[in-house]
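Only one structure is covered here, and it is reproduced in the block below.
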Amino acid sequence: MKDSEKLIWDQTRRPSHSPKLIIMIWLMLFVSLTYVVYTLKLLSTSKACNHGPFSIHINANATASPNRTAIGETRHQQTELRHIVFGIAASSKLWEQRKNYIKLWYKAKEMRGVVWLDDRVKTNESEGLPPVKISTDTSNFAYTNKQGHRSAIRISRIVSETLRLGLEDVRWFVMGDDDTVFITDNLLRILNKYDHDQFYYIGSLSESHLQNIHFSYGMAYGGGGFAISYPLAKALEKMQDRCIQRYPGLYGSDDRMQACMAELGVPLTKEIGFHQYDVYGNLFGLLAAHPVTPLVSLHHLDVVEPIFPNVTRVEALQRLSMPMKLDSAALIQQSICYDKKRSWTISVSWGFSVQIFRGIFSPREMEMPSRTFLNWYRRADYTAYAFNTRPVTRNPCQKPFVFYLSKAKFNSTIRQTVSEYERHRVPHPECRWKMADPSALDKVEVYKKPDPRLWDRAPRRNCCRVMKSNNKGTMVIDVGICRGGEVTEP
């Protein structure tokens with residue numbers, strides 16, 4: 001093709017630039033440039049706002065979990081004893097006897113609380129008890145339950161009456177009876193799991209299946225204690241008297257409280273360390289196989305036998321205070337191990353007891369409470385408990401040898417607690433098994449490192465190991481966090 005023809009051909013193929021196209025191109029460039037400038041200005045304004053009052057308002061109303069810290073958010077301060085107010089339901093007729101239970105756990109200089117009574121009693125400030133107040137008259141409330149007592153109305157209003165006292169810096173109201181003993185360190189461990197700015201109703205059930213059926217599986221039993229967050233207590237106080245009038249036929253204070261919680265739409269948050277102990281007899285089986293959760297409370301102490309033999313109820317609980325001070329998180333926590341040379345199964349309830357069994361029992365069996373106690377309903381059998389139990393063995397060779405806590409201390413040299421357990425000397429039936437006899441032991445020593453962060457980890461039983469002993473009549477056991485790969489295998 002000739003050059004002149006090629007030039008003509010190229011010119012005919014090249015598109016012409018119309019005025020409309022040029023205007024569109026300039027318009028697109030203008031819009032794009034405007035968008036870039038606007039975006040840069042928006043970003044700079046957003047950064048400036050992060051330091052202004054709007055940012056503070058957002059953070060102050062954040063509803064994130066207290067265990068997580070969002071960017072720019074101040075983490076909740078840990079709940080302490082000063083943030084809790086105890087409301088204690090008491091009877092003037094039983095006050096002189098039951099105030100001794102309150103003395104065991106209440107620390108007047110560190111705690112706040114009120115004992116609510118039906119009538120005046122003699123008080124002495126030197127006893128270190130909470131202040132005493134008389135409940136408001138409730139005779140204007142209807143009560144039609146023929147089996148109960150109208151004092152239930154008075155007791156159900158304790159949280160509301162305590163709130164009306166106007167105490168400052170309150171996060172939780174904790175309800176209990178005058179025969180309830182709280183392990184306050186463990187109570188704090190439980191409450192610190194929850195956001196006190198939200199609506200929470202925390203407690204546990206009865207040990208009696210029939211009690212729970214009759215009342216509710218969604219109700220916190222007040223003798224075992226329950227906790228109500230401050231915002232929920234405020235909401236309850238506004239409507240409780242109207243609510244109570246709607247339920248004249250209910251039996252007690254607990255079911256009235258739960259009825260009002262149902263109207264507020266707040267379910268029970270179950271923490272099984274609160275113990276109602278609706279049982280009779282000996283608590284040993286329940287305490288020696290405590291569930292893997294902090295021990296928070298003990299109730300019905302006037303009904304059951306002393307938790308240690310040959311002492312009064314109050315003296316028995318005072319003995320429990322020794323390990324409580326050393327390692328409250330581990331109090332009455334069960335560990336299971338084996339002395340395979342002698343074919344023994346060993347169950348350690350730290351700070352309470354050690355049991356030695358002839359023969360090998362699986363952990364699945366050992367973690368079930370043995371039936372040393374009786375049901376709240378006298379005619380009910382073991383099927384009427386709200387948890388699994390195992391029978392007390394009839395085989396004379398499998399009757400456990402029980403060693404009860406005698407003393408405990410902290411050894412600063414090895415930085416461990418050393419607790420000693422002496423054999424409970426009761427007659428044992430003759431055993432013809434050709435097996436080592438645990439009656440040759442007089443004492444068990446348990447070494448354990450204090451572990452206040454135990455419940456910050458996932459729930460797991462501690463492991464125990466039988467150690468070499470230089471004393472013929474003494475068994476030595478080490479208790480602590482399970483090591484890597486360590487399993488409790490029979």
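Treat the numbers as computed from the prediction; the structure is a model and nothing was measured.
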>> For a 4.5 angstrom cut-off between non-hydrogen side-chain atoms, does Thr345 reach Gln355?
In response: no
> Would you say the side chain of Leu317 lies within less than 4.5 Å of the side chain of Leu298, judging by non-hydrogen atoms?
Replying inline: yes
> With respect to His300, which candidate in Asp278, Asp179, Thr180 satisfies the side chain to side chain donor-acceptor pair (under 3.5 Å) definition?
Replying inline: Asp278
> Is it true that a side-chain atom of Tyr106 and a backbone atom of Met111 form a donor plus acceptor pair closer than 3.5 Å?
Replying inline: yes
>> Before you tell me yes or no, could you show the steps for Tyr230 and Leu163 under side chain to side chain contact (heavy atoms under 4.5 Å, CB included), namely the whole-Å CA-CA distance, both residues' side-chain angles and the distance that decides it to 0.1 Å?
In response: CA-CA 8 Å; Tyr230 185 82; Leu163 181 136; 4.2 Å; yes
> Hey, does Lys193 have a side-chain heavy atom less than 4.5 Å from the side chain of Thr79?
Replying inline: no
>> Could you check whether Asp177 and Tyr101, counting side-chain N and O atoms only, form a donor-acceptor pair closer than 3.5 Å?
In response: no
> Minimum heavy-atom separation for Glu237 to Ser160, with atom names?
Replying inline: CA-OG, 3.5 Å
>> Check whether Gln276 reaches the backbone of Gly224 with its side chain - one donor and one acceptor, N or O, closer than 3.5 Å.
In response: yes
> Taking the six-membered ring for Trp, are Phe182 and Trp105 parallel (under 30°), tilted (30 to 60°) or perpendicular (over 60°)?
Replying inline: perpendicular
> Can you check whether Gly222's main-chain N or O pairs, donor with acceptor, with Asp254's side chain at less than 3.5 Å?
Replying inline: yes
N/O donor-acceptor pairs under 3.5 Å from side chains in residues 466-477, not counting sequence neighbours:
| residue | atom | partner | partner atom | Å |
| --- | --- | --- | --- | --- |
| Ser469 | OG | Asn471 | N | 3.3 |
| Ser469 | OG | Asn471 | O | 3.1 |
| Ser469 | OG | Thr474 | O | 2.8 |

> What residue pairs, at least two apart or across chains, pass salt bridge (Lys or Arg N to Asp or Glu O under 4.0 Å) with a residue in residues 307-317?
Replying inline: none
>> Counting only heavy atoms not in Arg415 (residues, nucleotides, ligands), do more than 12 fall under 6.0 Å from its CZ?
In response: no
> Do any pairs count as a salt bridge (Lys or Arg N to Asp or Glu O under 4.0 Å) and have a residue in residues 477-490, sequence neighbours left out, and if so which ones?
Replying inline: Arg465-Asp478, Arg465-Glu486, Asp478-Arg483
> Does Asn192 use its side chain to pair, donor to acceptor, with the backbone of Arg189 at less than 3.5 Å?
Replying inline: no
> Within the side chain of Ser349, is there an N or O that forms a donor-acceptor pair under 3.5 Å with the backbone of Leu287?
Replying inline: yes
> Restricting to pairs with a member in residues 344-372, which pass salt bridge (Lys or Arg N to Asp or Glu O under 4.0 Å), not counting sequence neighbours?
Replying inline: Arg358-Asp437, Glu367-Arg461
> Any donor-acceptor pair under 3.5 Å linking the side chain of His214 with the backbone of Gln211?
Replying inline: no
> Do Lys99 and Leu129 pass the side chain to side chain contact (heavy atoms under 4.5 Å, CB included) test, and can you show the C-alpha distance, the side-chain angles, and the key distance before you say yes or no?
Replying inline: CA-CA 8 Å; Lys99 68 180 182 181; Leu129 291 164; 4.0 Å; yes
> Is the OH atom of Tyr280 crowded by more than 12 outside heavy atoms at less than 6.0 Å?
Replying inline: yes
> Are the side chain of Thr162 and the backbone N or O of Ile158 linked by a donor-acceptor pair below 3.5 Å?
Replying inline: yes
> How about Glu271 and Ser204: does a side-chain donor come under 3.5 Å of a side-chain acceptor?
Replying inline: no
>> Using only atom types and a distance under 3.5 Å, with no angle test, would you say the side chain of Trp344 pairs donor to acceptor with the backbone of Gly359?
In response: no
>> To check you understand the geometry: which heavy-atom pair defines the closest contact between Tyr201 and Ala220, and what is its length?
In response: OH-N, 3.1 Å
> Hey, are Glu422 and Lys443 close enough for a salt bridge, meaning a charged N less than 4.0 Å from a carboxylate O?
Replying inline: no
>> Filter on salt bridge (Lys or Arg N to Asp or Glu O under 4.0 Å), then keep only pairs touching residues 325-335, sequence neighbours left out; what's left?
In response: Asp327-Lys448
> Thinking salt bridges, do Arg112 and Asp169 make one under a 4.0 Å N-O criterion?
Replying inline: no
> Can you list every pair that meets side-chain hydrogen bond (donor to acceptor under 3.5 Å, both in side chains) and has a residue in residues 378-388, with sequence neighbours left out?
Replying inline: Asp381-Thr383
> So, do Phe274 and Phe226 have ring centers that fall under 6.0 Å from each other?
Replying inline: no
>> Any heavy-atom pair between the side chains of Thr417 and Tyr447 that's under 4.5 Å?
In response: no
>> Applying side chain to side chain contact (heavy atoms under 4.5 Å, CB included) to Ile481 and Cys463, what does each step give before you reach the verdict?
In response: CA-CA 6 Å; Ile481 300 171; Cys463 286; over 6 Å; no
> If you take all heavy atoms of Glu207 and Tyr277, which pair is closest and at what distance?
Replying inline: OE1-N, 2.7 Å
>> For Lys107, I'd like to know if atom NZ has over 12 heavy atoms of other residues, nucleotides or ligands within 6.0 Å.
In response: yes
> Who are the side chain to side chain donor-acceptor pair (under 3.5 Å) partners of Arg394, not counting sequence neighbours?
Replying inline: none
> Does a side-chain heavy-atom distance below 4.5 Å link Ser439 with Phe401?
Replying inline: yes
>> Quick check: closest heavy atoms across Thr372 and Leu283, and the distance to 0.1 Å?
In response: OG1-C, 4.2 Å
> If you look only at pairs with a residue in residues 354-385, which of them pass as a disulfide (SG to SG under 2.5 Å), with sequence neighbours excluded?
Replying inline: none
> Quick one: disulfide (SG to SG under 2.5 Å) pairs with a partner in residues 283-337, sequence neighbours left out?
Replying inline: Cys337-Cys464
>> If I compare all heavy atoms of Pro363 with all of Pro490, which pair ends up nearest, and what's the gap?
In response: CD-CG, 4.0 Å
>> Quick check: closest heavy atoms across Met322 and Ser406, and the distance to 0.1 Å?
In response: CE-O, 3.7 Å
>> Let me confirm one number: the CZ-CD distance from Phe403 to Glu445, rounded to the nearest 0.5 Å.
In response: 12.5 Å
>> Is the shortest side-chain heavy-atom distance between Val85 and Trp172 below 4.5 Å?
In response: no
> Among pairs that include at least one residue of residues 370-461, which meet disulfide (SG to SG under 2.5 Å), considering only residues two or more places apart or in two chains?
Replying inline: Cys397-Cys431
> Does Lys234 NZ have over 12 foreign heavy atoms under 6.0 Å away?
Replying inline: no
> What pairs with Asn375 under side chain to side chain donor-acceptor pair (under 3.5 Å), at least two apart in sequence or on another chain?
Replying inline: none
>> Under a 3.5 Å distance rule, please check whether Tyr338 uses its side chain to pair with a backbone N or O of Phe361 as donor and acceptor.
In response: yes
>> Suppose the criterion is side-chain hydrogen bond (donor to acceptor under 3.5 Å, both in side chains): which pairs have a residue in residues 216-229, not counting sequence neighbours?
In response: His209-Tyr217, Asn212-Tyr221
>> Taking the side chain as everything from C-beta on, heavy atoms only, tell me whether Met324 gets closer than 4.5 Å to Asn186.
In response: no
> With Phe308, which of Phe352, Tyr421, Phe284 fulfils ring pair (Phe, Tyr, Trp, His ring centres under 6.0 Å)?
Replying inline: Phe352
> Does the side chain of Ser370 come under 3.5 Å of the side chain of Arg390 through a donor N or O and an acceptor N or O?
Replying inline: no
>> Any carboxylate oxygen within less than 4.0 angstrom of a Lys/Arg side-chain nitrogen, looking at Glu110 and Arg82?
In response: no
> Can you tell if the side chain of His290 reaches within under 4.5 Å of the side chain of His275, non-hydrogen atoms only?
Replying inline: yes
